[in-house]
Protein chains: 2
Amino acid sequence: MSVELLSIGKLATATGTKVETIRYYESVGLLPPPGRTKGNYRAYSAQHLARLSFIRRARALGFSISQVQELLKLADQKDISCKAVDMIAREHLAEIDRKLRDLNTLRSELSSVIVQCRHGTISECRIIETLAPDSAAGG
Amino acid sequence: MSVELLSIGKLATATGTKVETIRYYESVGLLPPPGRTKGNYRAYSAQHLARLSFIRRARALGFSISQVQELLKLADQKDISCKAVDMIAREHLAEIDRKLRDLNTLRSELSSVIVQCRHGTISECRIIETLAPDSAAGG
DNA sequence: ATAAAGCCTGAAGTCACTAGAGGGTCAAAC
DNA sequence: GTTTGACCCTCTAGTGACTTCAGGCTTTAT
């Protein structure tokens with residue numbers, strides 16, 4: 001492999017990605033298929049490295065694969081306005097905020113259930129009680 | 001179907017669950033298989049209703065299927081201490097706290113990226129820039 | 001009698017990977 | 001020059017918690 005080209009393993013360490021994940025990204029069309037060596041090894045260029053870095057950062061920020069696809073498509077068209085990019089990012093932020101709200105609600109509900117646990121027997125366990133409906137449950 | 005028994009559709013509306021999800025719960029052993037009518041329709045009892053309500057509430061609190069399995073197993077043994085239940089709940093709470101921390105980090109990173117967007121062209125877009133590595137990217 | 005709604009099974013699809021089987025290639029040590 | 005071991009290849013299946021689909025039976029309403 002030339003000095004300029006990276007094996008899949010090198011690309012993996014360079015970007016903190018697993019080798020299998022890189023092949024997966026190729027299979028779903030996120031990362032373009034690189035050239036191959038005579039031994040049929042993938043040989044990645046600096047462009048591939050840049051693109052994979054982009055992908056990893058976007059994924060780390062929680063963008064879905066398809067959102068990353070969109071961002072990449074937009075990033076390739078240098079002349080158009082970046083309003084679309086901003087919109088995707090803002091939508092994603094709203095999504096995160098929804099998740100945060102949900103998780104916070106969850107957290108307070110769950111912890112209030114836990115606090116009530118007096119470590120008695122199951123039949124008087126507040127956690128189980130809270131989950132079970134008022135009626136029924138008993139045979 | 002008798003007055004006391006519910007079709008899968010009624011059970012679904014009663015618990016806010018999709019019909020397919022109920023069949024899925026049966027297939028993974030969360031919900032015991034109910035009796036059948038002569039037409040081979042599932043016929044659910046009040047116990048099934050109670051159990052599914054329990055499952056749905058636990059799932060809504062973010063417990064995984066296998067955690068719900070454990071909780072159900074424990075709930076059925078009325079005489080033992082509920083320490084195990086408490087432990088599962090506390091572990092789950094810790095998990096939620098981890099997720100909350102991660103999401104909050106994510107949120108502040110993403111929103112700082114968004115704030116920098118001046119709606120220029122893609123080539124000067126801060127969002128794209130932040131995602132892309134300093135070097136490379138250009139052919 | 002017929003149409004619509006509801007139910008049945010079994011298999012495949014979703015998301016974003018991860019793991020494994022069964023092999024080929026390459027660099028270095030001996 | 002051969003052997004060891006790390007690295008790479010493809011293809012397939014598994015994860016979690018469902019969802020969707022195909023193809024067909026049952027019940028209910030008109």
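Just so it is clear: chains get the letters A, B, ... in the order the sequence lines come, proteins before strands, and each one is counted from 1.
Taking 4.5 Å as the limit, some side-chain heavy atom of B:Arg51 sits within range of a side-chain heavy atom of B:Pro32. The closest side-chain heavy-atom distance from B:Leu74 to A:Ile122 is below 4.5 Å.
The side-chain hydrogen bond (donor to acceptor under 3.5 Å, both in side chains) analysis of residues 90-101 of chain B, with sequence neighbours excluded, yields the pairs A:Arg107-B:Asp97, B:Asp86-B:Arg90.
If you check the side chains of B:Arg56 and B:Tyr25, you find a donor sitting under 3.5 Å from an acceptor.
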Working for side chain to side chain contact (heavy atoms under 4.5 Å, CB included), residues A:Leu31 and A:Tyr44
CA-CA 10 Å; A:Leu31 196 61; A:Tyr44 292 98; 4.1 Å; yes

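Protein atom CD1 of A:Ile8 is 15 Å distant from nucleotide atom C1' of D:dA6, rounded to whole Å. Atom C1' of nucleotide D:dC8 and atom CG of A:Leu5 are separated by 16 Å, given to the nearest angstrom. In this structure, A:Glu26 atom CD and D:dC11 atom C1' are separated by 14 Å, rounded to whole Å. Residue B:Asn40 contributes atom CG, which lies 13 Å from atom C1' of D:dG24 at whole-angstrom precision. Distance A:Tyr41 OH to D:dT10 C1': 13 Å, rounded to the nearest Å. The NZ atom of B:Lys38 sits 16 Å away from the P atom of C:dC7 (whole-angstrom rounding).
Under 4.0 angstrom from either OP1 or OP2 of D:dT10 there lies no side-chain N or O belonging to A:Arg23. Within the 4.0 Å cut-off from OP1 or OP2 of D:dC8, not a single side-chain nitrogen or oxygen of A:Arg42 is found. At D:dC8, one or more side-chain N or O atoms of A:Ser7 fall inside 4.0 Å of OP1 or OP2 (strictly under the cut-off). Phosphate proximity of C:dG24 to A:Arg36: absent, as no side-chain N or O sits under 4.0 Å from OP1 or OP2.
A side-chain donor-acceptor contact under 3.5 Å links B:Gln67 to the backbone of B:Ser64.
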Sugar-phosphate or base contact per nucleotide [nucleotides 14-20 of chain D; S, B, -; heavy atom under 4.0 Å]:
---BBSB

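Projected onto DNA chain D by closest heavy-atom contact, A:Lys10 and B:Gly39 fall at different nucleotides, the more 5' of which corresponds to A:Lys10.
If you chain together hydrophobic residues whose side chains sit under 4.5 Å apart, B:Ile8 and B:Val28 fall into the same group.
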